[in-house]
Amino acid sequence: MSTPEHYMARAIQLAERGLYTTDPNPRVGCVLVKNDRIIAEGWHMRAGEGHAEVNALYQAGSEAHGADCYVTLEPCSHFGRTPPCVDALINANVKRVFVAMTDPNPIVSGAGLRRLEQAGIEVHAGILASQSEKLNPGFCQRMRIGRPFIRSKLAMSLDGRTAMASGESKWITGPQARNDVQKLRARSSGILTGIGTILTDDPLLNVRPQQGDVEWYPAGHKVRQPLRIVVDGQMRIPADARLLSQDKVLLATAVDKPSPKNTDMVLLPGDGDIIDLNALMAVLAQREINELMVEAGGVLNGALLKAGLIDELVIYMAPKIMGDMARGVFHLPGMETMAQNISLHVTDMRAIGQDWRITATPQYNEKF
């Protein structure tokens with residue numbers, strides 16, 4: 001006989017199918033089991049469409065009566081874009097519900113489980129909870145503390161340089177690493193950059209899933225483009241910047257000036273080109289930005305790191321030497337002693353083509 005962990009692991013696999021498509025909703029998977037046999041599976045595909053539980057119940061039909069439900073996130077108990085999933089489970093007369101993690105929103109956490117118990121359904125929570133949370137770091141953090149999960153992508157040489165002194169940076173890493181970056185963009189709610197990067201590189205910062213040798217984006221799904229956000233304290237963005245030719249861009253600025261076409265503007269406290277980053281994160285949370293990807297230069301990355309806002313670094317390191325005149329990864333004025341250093345906890349390291357991808361979390365030091 002299979003264990004609850006076995007079925008929940010399958011539900012987590014199903015949830016991963018929504019990695020690039022569910023935003024701003026969480027990625028959720030569901031398995032219905034009867035007589036130690038999976039009778040139906042479901043996962044949330046995109047916002048506004050059926051949730052994982054509803055999709056699995058539809059597949060099971062009347063056979064859902066008396067079944068066990070394994071779901072990676074507490075079933076919703078409120079009306080949003082779709083009706084409450086707890087009502088669907090109650091109406092289907094399932095026998096037991098196994099949940100990986102409760103709703104991270106402290107206002108409603110546990111409400112769905114209580115509704116199920118009041119209806120006479122046996123409830124078990126906390127099965128593979130940490131694995132489930134890894135699916136939705138941004139959604140969980142936004143619900144708990146009101147800001148996105150911030151992931152900074154960095155491409156650098158072996159000697160820690162991101163561009164030549166002239167600003168030239170194409171290409172530090174190889175095509176496999178650049179295709180891998182597309183996956184990070186696709187799972188993100190927004191992409192943040194600074195005005196310096198716009199003026200130097202004129203990037204598009206969009207998702208291009210066919211770049212590289214492998215087609216990895218889910219077949220049949222229209223590519224969801226993350227919101228592009230530019231920190232432009234003095235409103236210096238050129239009207240002909242390439243990213244303005246795509247979907248609308250959010251400009252975070254400290255000056256009340258007319259903004260170019262195809263932009264929204266948010267006016268925030270600031271000094272020069274750096275604005276109040278904590279205030280910006282609160283605005284982005286209100287806009288349902290879950291995972292925020294940073295693709296910027298040393299100034300903005302340094303400011304985010306100094307503010308303790310970067311949750312994860314994804315570093316693509318190329319086997320190249322660019323020399324001490326080239327630009328560094330972080331601009332961190334004031335860091336002068338070893339006691340001020342910021343250590344990194346490496347969570348993953350693997351080869352991507354000829355480059356190495358290092359995933360790490362900063363261990364912030366209050367002395368800096």
Side-chain angles (χ1 to χ4, degrees), residues 20 23 148 150-156 161-212 215-217 222-255 257-268 272-275 280 283-284 287 289 291-301 303-304 314 316 318 326-327 329 331:
Y20 306 117
D23 193 81
I150 302 175
R151 177 184 292 115
S152 180
K153 183 276 296 182
L154 303 163
M156 70 180 194
R161 303 295 170 173
T162 63
M164 303 307 293
S166 64
E168 180 188 0
S169 62
K170 295 181 179 180
W171 294 102
I172 295 175
T173 55
Q176 294 93 337
R178 298 199 298 275
N179 188 54
D180 199 59
V181 170
Q182 295 297 317
K183 299 177 184 179
L184 291 180
R185 287 181 180 178
R187 68 173 292 166
S188 301
S189 309
I191 299 176
L192 178 70
T193 193
I195 185 59
T197 297
I198 300 299
L199 296 175
T200 302
D201 296 338
D202 196 19
L204 283 170
L205 298 178
N206 60 353
V207 179
R208 301 183 291 275
Q210 293 183 339
Q211 180 177 340
E215 173 60 60
W216 47 265
Y217 201 86
K222 181 182 178 182
V223 175
R224 181 192 59 80
Q225 293 293 344
L227 175 68
R228 279 90 46 81
I229 307 113
V230 180
V231 174
D232 185 8
Q234 299 301 308
M235 195 66 78
R236 295 192 289 143
I237 190 167
D240 61 350
R242 288 206 305 159
L243 84 170
L244 297 184
S245 66
Q246 304 287 322
D247 297 319
K248 189 164 284 191
V249 174
L250 179 65
L251 299 180
T253 184
V255 295
K257 293 181 180 179
S259 61
K261 291 182 179 180
N262 206 28
T263 63
D264 286 332
M265 184 185 77
V266 56
L267 188 62
L268 298 169
D273 274 329
I274 292 297
I275 48 86
L280 174 59
V283 169
L284 296 182
R287 288 176 173 246
I289 300 296
E291 295 181 30
L292 180 66
M293 182 176 173
V294 180
E295 296 196 54
V299 173
L300 182 53
N301 267 303
L304 287 163
V314 180
Y316 294 88
R327 299 180 182 182
V329 180
H331 177 63

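Everything quoted here is computed from the prediction, not taken from an experiment. Just so it is clear, the values below take in all heavy atoms, side chains as well, and ignore hydrogens, waters and symmetry mates.
- Across all non-hydrogen atoms, the minimal contact from Leu284 to Pro148 is CB-CG, 4.1 Å.
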### Task
Applying side chain to side chain contact (heavy atoms under 4.5 Å, CB included), run through Tyr316 and Gln176 and close with a yes or a no.
CA-CA 11 Å; Tyr316 294 88; Gln176 294 93 337; over 6 Å; no

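- A distance of 5.5 Å separates CZ of Arg287 from CG of Asp264, quoted to the nearest 0.5 Å.
- With contacts defined as side-chain heavy-atom distances shorter than 4.5 Å, the pair Ile274/Val299 qualifies.
- Pairing each heavy atom of Thr173 with each of Ala155, the nearest pair is CG2-CB, 4.0 Å.
- Contact check for Pro260 versus Val249: no side-chain heavy atoms found under the 4.5 Å cut-off.
- In this structure, CG in Leu280 is found 8.5 Å from CG in Leu304, a value given to the nearest 0.5 Å.
- Distance alone, capped at 3.5 Å, places no donor-acceptor pair between the Arg185 side chain and the Pro226 backbone.
- Looking only at distances, no side-chain donor or acceptor of Glu295 sits under 3.5 Å from a matching main-chain atom of Thr193.
- Asp232 contributes no side-chain N or O that, together with a main-chain N or O of Leu251, makes up a donor-acceptor pair within less than 3.5 Å.
- Distance check, rounded to the nearest 0.5 Å: CZ of Arg178 to CD1 of Ile172 gives 10.5 Å.
- For the pair Ser188 (side chain) and Leu292 (backbone), a donor-acceptor distance under 3.5 Å is absent.
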### Task
For Ile198 and Leu243, run side chain to side chain contact (heavy atoms under 4.5 Å, CB included): C-alpha distance rounded to whole Å, both residues' side-chain angles, the deciding distance at 0.1 Å, then the answer.
CA-CA 9 Å; Ile198 300 299; Leu243 84 170; 3.9 Å; yes

#### Entry: side chain to side chain contact (heavy atoms under 4.5 Å, CB included) evaluation trace for Lys183 with Tyr20
CA-CA 8 Å; Lys183 299 177 184 179; Tyr20 306 117; 3.7 Å; yes

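- Remark: the backbone N or O of Leu244 is not paired with any side-chain donor or acceptor of Arg228 at under 3.5 angstrom.
- In terms of heavy-atom proximity, Gly233 sits nearest to Ile275 at CA-CG2, 4.0 Å.
- Taking CE from Met293 and OG from Ser189, the interatomic distance works out to 12.5 Å, rounded to the nearest 0.5 Å.
- A distance of 4.0 Å separates CG of Leu204 from CZ of Arg242, quoted to the nearest 0.5 Å.
- Counting heavy atoms from C-beta on, the side chains of Asn206 and Asp247 never come closer than 4.5 Å.
- Interatomic distance, CG of Leu227 versus CG of Leu192, reported as 10.0 Å (0.5 Å rounding).
- Minimum heavy-atom separation, Asn301 to Ser152: OD1-OG, 2.5 Å.
- Considering all non-hydrogen atoms of both residues, Lys257 and Gln234 come closest at NZ-O, 3.6 Å.
- With Arg236 contributing its side chain and Ile195 its backbone, the two residues share no donor-acceptor pair below 3.5 Å.
- The side-chain heavy atoms of Met235 and Thr263, taken from C-beta on, include no pair separated by under 4.5 Å.
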### Message
For a side chain to side chain contact (heavy atoms under 4.5 Å, CB included) check, start with the C-alpha distance between Val314 and Asp180, then their side-chain angles and the critical distance, and finish with the verdict.
### Response
CA-CA 11 Å; Val314 180; Asp180 199 59; 5.7 Å; no

